[in-house]
Student: 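First, the structure itself, so that you have it in front of you.
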Protein chains: 2
Amino acid sequence: MRRPTLEAVAARAGVSRATASRVVNGQTTVAPDIRDAVLRAIDELGYVPNSAARSLVTQRTDSIALVVSEPGTRVFSEDPMFSTAIRSASMELETVNKQVVLMLASSAKSHARVERYISGGHVDGVMLISMHGADPLPSALSRLRVPVVSYGRPAVPVQIPYVDNDNIGGAEAGVRHLVETGRRRIATIAGPQDMIGGQDRLTGYRNVLRDSDHRSIVAVGDFTRESGAVAMRQLLRDDPELDAVFVANDLMAVGALQSLRQAGRRVPDDVAVVGFDDIEAAKYTEPPLTTLRHPVAEQAAAMVRLLLDLFEGGTSEPVILPTELVVRESA
Amino acid sequence: MRRPTLEAVAARAGVSRATASRVVNGQTTVAPDIRDAVLRAIDELGYVPNSAARSLVTQRTDSIALVVSEPGTRVFSEDPMFSTAIRSASMELETVNKQVVLMLASSAKSHARVERYISGGHVDGVMLISMHGADPLPSALSRLRVPVVSYGRPAVPVQIPYVDNDNIGGAEAGVRHLVETGRRRIATIAGPQDMIGGQDRLTGYRNVLRDSDHRSIVAVGDFTRESGAVAMRQLLRDDPELDAVFVANDLMAVGALQSLRQAGRRVPDDVAVVGFDDIEAAKYTEPPLTTLRHPVAEQAAAMVRLLLDLFEGGTSEPVILPTELVVRESA
DNA sequence: ATCTCTTGAGAGAGCGCTCTCTCCACCCCT
DNA sequence: AGGGGTGGAGAGAGCGCTCTCTCAAGAGAT
């Protein structure tokens with residue numbers, strides 16, 4: 001009751017295994033009638049090539065590891081960026097018939113597991129989603145002689161192609177919007193400073209305040225709603241007079257809005273709020289959130305293409321995608 | 001520059017390939033000194049077994065397909081249930097050293113792809129996340145002689161083990177809460193009626209209204225925020241006097257809250273709202289959402305264990321997990 | 001001392017496929 | 001009519017591993 005082999009197909013079609021293989025792999029050097037006979041045999045037998053045997057000889061696996069190196073599992077579940085990126089990358093790879101092996105690398109133990117797996121030749125390449133600065137994975141993987149690309153600029157300056165959005169420019173645009181609408185005391189809830197996105201968005205904030213002669217008021221969160229709520233309360237204690245806050249991602253902005261509401265501040269009348277990411281939920285907050293949109297799905301798709309380029313022997317340059325200010329009611 | 005083989009390890013350790021293989025696979029019939037020699041050789045050479053060769057002979061791959069059959073890609077990205085389930089299943093499989101191959105089956109074309117892939121022997125088993133009733137995948141896969149388990153009860157009565165939560169009981173508890181707090185006109189925003197969760201939650205709603213002599217007022221959404229907002233506007237037109245609404249998931253409840261706000265209704269004073277799922281965002285709505293909590297992560301983990309049982313030859317029974325009413329401010 | 005039994009290690013087949021090499025047959029050119 | 005060229009098909013090696021079978025050597029029993 002085991003699955004039919006190429007041998008069986010060849011026998012049924014009355015040809016050699018080599019010819020059957022040619023048909024399966026779409027080579028054109030097979031006479032039409034023989035090709036048809038083989039195809040019929042394949043159909044009748046329900047033949048499907050054995051992938052292990054195939055990749056044993058071709059040294060290819062046609063699968064790609066998608067490594068999500070995210071220590072905070074909560075963030076992974078709640079931040080739609082991750083699932084959007086995963087979905088988009090997955091769909092893009094589907095078009096070239098490659099499989100996605102999903103690996104969550106949350107702990108040091110799983111890092112070792114990922115490294116072992118990848119060096120085991122299970123996959124042809126690696127896509128890395130890691131915003132974490134201290135993450136040893138980018139450099140570890142780049143040493144493995146396996147094609148690696150990254151979603152987001154790796155924190156350590158390692159030589160792997162990546163796709164990122166313009167975090168600094170986006171943050172600047174957001175804060176500039178607050179300045180231009182006459183806000184005087186503009187605080188920020190920054191992301192984790194060991195994440196590249198967290199750092200860059202804070203840099204953008206600082207750039208604009210410096211140039212426009214405002215004072216900076218900073219609290220730091222970890223990109224969760226909860227941390228946004230906590231940071232907002234902190235900011236209100238630090239400077240009760242603040243009239244605007246630039247929040248490094250929408251999830252924290254949602255938490256911040258709640259804290260502002262609980263503190264009796266009206267948004268945007270008393271305090272303007274600008275987020276970052278433009279997640280779907282941003283349209284449904286009270287009031288709807290002004291935020292920076294960046295194309296997560298495109299970014300993931302671009303990452304896939306970068307990897308495919310690498311397979312072709314190309315040496316890919318980093319890609320930076322633009323962000324766009326979406327003005328709603330919160331600022 | 002190619003990777004070392006077992007042959008090389010054996011040569012370096014001065015033993016046969018068979019003995020080296022025994023050490024690699026942890027068999028105990030190897031003398032300690034020889035074992036050490038082999039381990040040293042492995043270490044020095046940086047040997048990692050070739051997975052293709054191994055699974056060619058063992059007929060195992062140690063990877064599991066996680067098939068997410070979700071036509072609405074928007075829902076996949078925005079509903080944290082999916083990522084929570086994926087993360088939890090992934091972590092559970094990690095403990096038994098199996099890999100997750102993620103497959104998104106959104107279109108008919110990708111259905112064929114999934115079937116082909118799975119019948120290609122790439123994976124040892126399949127976990128199916130499919131809430132969609134008309135989905136041909138459960139029955140198709142169960143025909144493939146591959147172990148299959150499902151997250152959520154399959155719509156068609158096919159003989160595959162599954163883990164689900166008590167949708168009917170949960171909905172009943174939610175609606176009963178509305179009845180008991182004195183609401184008279186209790187509407188519902190139901191989920192898609194081609195999804196089992198959508199059906200069951202509507203059934204629960206109807207059960208309670210029938211028993212307590214209330215009239216049912218139904219609108220149907222598709223589990224997205226947007227559809228919740230649309231459905232709520234519809235309900236308000238249908239029955240401006242309604243004073244409560246049971247919404248089949250939290251995402252739609254978020255949309256419903258927005259529509260209620262825009263219509264000038266106060267929650268819960270004018271209209272009470274009960275959701276379903278208890279996603280993280282439910283704590284951050286205005287007002288925070290009363291909802292039914294069910295253990296998504298546990299459900300996914302239980303699904304994994306069901307599959308592992310199947311590998312052991314066990315014949316697993318469906319598992320139903322309880323839901324819990326979480327009372328916040330919206331009802 | 002001989003025989004049986006156990007333990008530990010090697011030989012070698014074979015998993016299912018790809019791909020190079022070889023060969024055959026036919027066509028065109030001179 | 002003969003020779004070189006070309007297209008199409010087969011033979012067979014080998015990818016790296018596991019696992020059965022076989023065998024050698026030593027322990028224990030008679």
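Atoms considered below: every heavy atom in the structure, side chains included; atoms not considered: hydrogens, waters and symmetry mates. Please read these numbers as outputs of a predicted model, since none were measured by experiment. So you know, we letter chains A, B, ... as the sequences are listed, proteins then strands, and number each from 1.
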Student: Can you tell me how far C1' of C/dG10 sits from CG of B/Leu6, to the nearest Å?
Tutor: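 Between C1' of C/dG10 and CG of B/Leu6: 14 Å.
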Student: Expressed in angstrom and rounded to an integer, what is the separation of A/Arg35 atom CZ from D/dG7 atom P?
Tutor: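 Distance, rounded to whole Å: 16 Å.
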Student: For the residue pair A/Ser142 and A/Ser139, confirm or rule out a side-chain donor-acceptor distance under 3.5 Å.
Tutor: no
Student: Please determine, for the side chain of A/Gln59, which listed nucleotide (D/dA11, D/dC15, C/dC17) has the closest atom?
Tutor: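 Closest nucleotide to the A/Gln59 side chain: D/dC15.
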Student: Looking at the side chain of B/Asn25, which of C/dT18, C/dC21, D/dT18 is the nearest nucleotide?
Tutor: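 From the listed options, D/dT18 comes nearest.
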Student: Quick check for you: among D/dC17, C/dG10, C/dC17, whose closest atom lies nearest to any side-chain atom of B/Ala53?
Tutor: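 Closest of the options to the side chain of B/Ala53: D/dC17.
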Student: Tell me the interatomic distance from A/Arg54, atom CZ, to C/dC17, atom C1', rounded to whole angstroms.
Tutor: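 Atom-to-atom, A/Arg54 to C/dC17, this comes out as 8 Å.
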Student: Whole-Å distance between D/dG12 C1' and A/Arg17 CZ?
Tutor: 8 Å
Student: When you check the gap from the basic side-chain N to the acidic O, do B/Asp62 and B/Lys98 get nearer than 4.0 Å?
Tutor: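 Counted as a salt bridge, because a side-chain N and a carboxylate O are separated by less than 4.0 Å.
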Student: Output the single nucleotide from D/dG16, C/dC17, C/dC19 whose closest atom is nearest the side chain of B/Val57.
Tutor: D/dG16
Student: Under the criterion side chain to side chain contact (heavy atoms under 4.5 Å, CB included), which of A/Asp164, A/Leu308, A/Val319, A/Val149 is the partner of A/Met303?
Tutor: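 One option only clears the test, and that one is A/Val149.
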Student: From the set C/dA9, D/dC17, D/dA13, return the single nucleotide nearest to any side-chain atom of B/Ile34.
Tutor: C/dA9
Student: With heavy atoms under 4.0 Å as the rule, sort B/Val24 into base, sugar-phosphate or nothing.
Tutor: nothing
Student: If I take atom CG in residue B/Asn50 and atom P in nucleotide D/dG14, what distance separates them, rounded to the nearest angstrom?
Tutor: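 My rounded result for the distance is 18 Å.
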Student: Without decimals, in angstroms, what is the distance between B/Glu7 CD and D/dC15 C1'?
Tutor: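 The distance from CD of B/Glu7 to C1' of D/dC15 comes to 12 Å, rounded to the nearest Å.
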Student: Go through A/Asn50 and A/Thr5 one step at a time and tell me if the side chain to side chain contact (heavy atoms under 4.5 Å, CB included) criterion holds.
Tutor: CA-CA 8 Å; A/Asn50 179 309; A/Thr5 69; over 6 Å; no
Student: Would you say A/Ser16 reaches D/dG10's phosphate, i.e. side-chain N/O to OP1/OP2 under 4.0 Å?
Tutor: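 Yes, A/Ser16 has a side-chain N/O under 4.0 Å of OP1/OP2 on D/dG10.
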Student: Would you say a side-chain N or O of B/Thr19 is under 4.0 Å from OP1 or OP2 of C/dG10?
Tutor: yes
Student: Name the closest nucleotide to the A/Val15 side chain, picking from D/dG10, C/dG16, D/dA9.
Tutor: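 Taking heavy atoms from C-beta onward, the closest nucleotide is D/dG10.
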Student: Please tell me which of the listed nucleotides, C/dC19, C/dA9, D/dT18, lies nearest to the side chain of A/Ala18?
Tutor: C/dC19
Student: The test is side chain to side chain contact (heavy atoms under 4.5 Å, CB included); show your working for B/Arg12 and B/Arg40 and say whether it passes.
Tutor: CA-CA 9 Å; B/Arg12 187 177 189 104; B/Arg40 207 174 320 117; over 6 Å; no
Student: Counting heavy atoms from C-beta on, name the nucleotide in C/dA11, D/dA9, C/dG16 closest to the side chain of B/Leu56.
Tutor: C/dG16
Student: Expressed in angstrom and rounded to an integer, what is the separation of A/Asp36 atom CG from D/dG8 atom P?
Tutor: 14 Å
Student: I'd like to know if B/Arg22 reaches the base of C/dG10 with its side chain, counting only an N/O donor and acceptor under 3.5 Å.
Tutor: yes
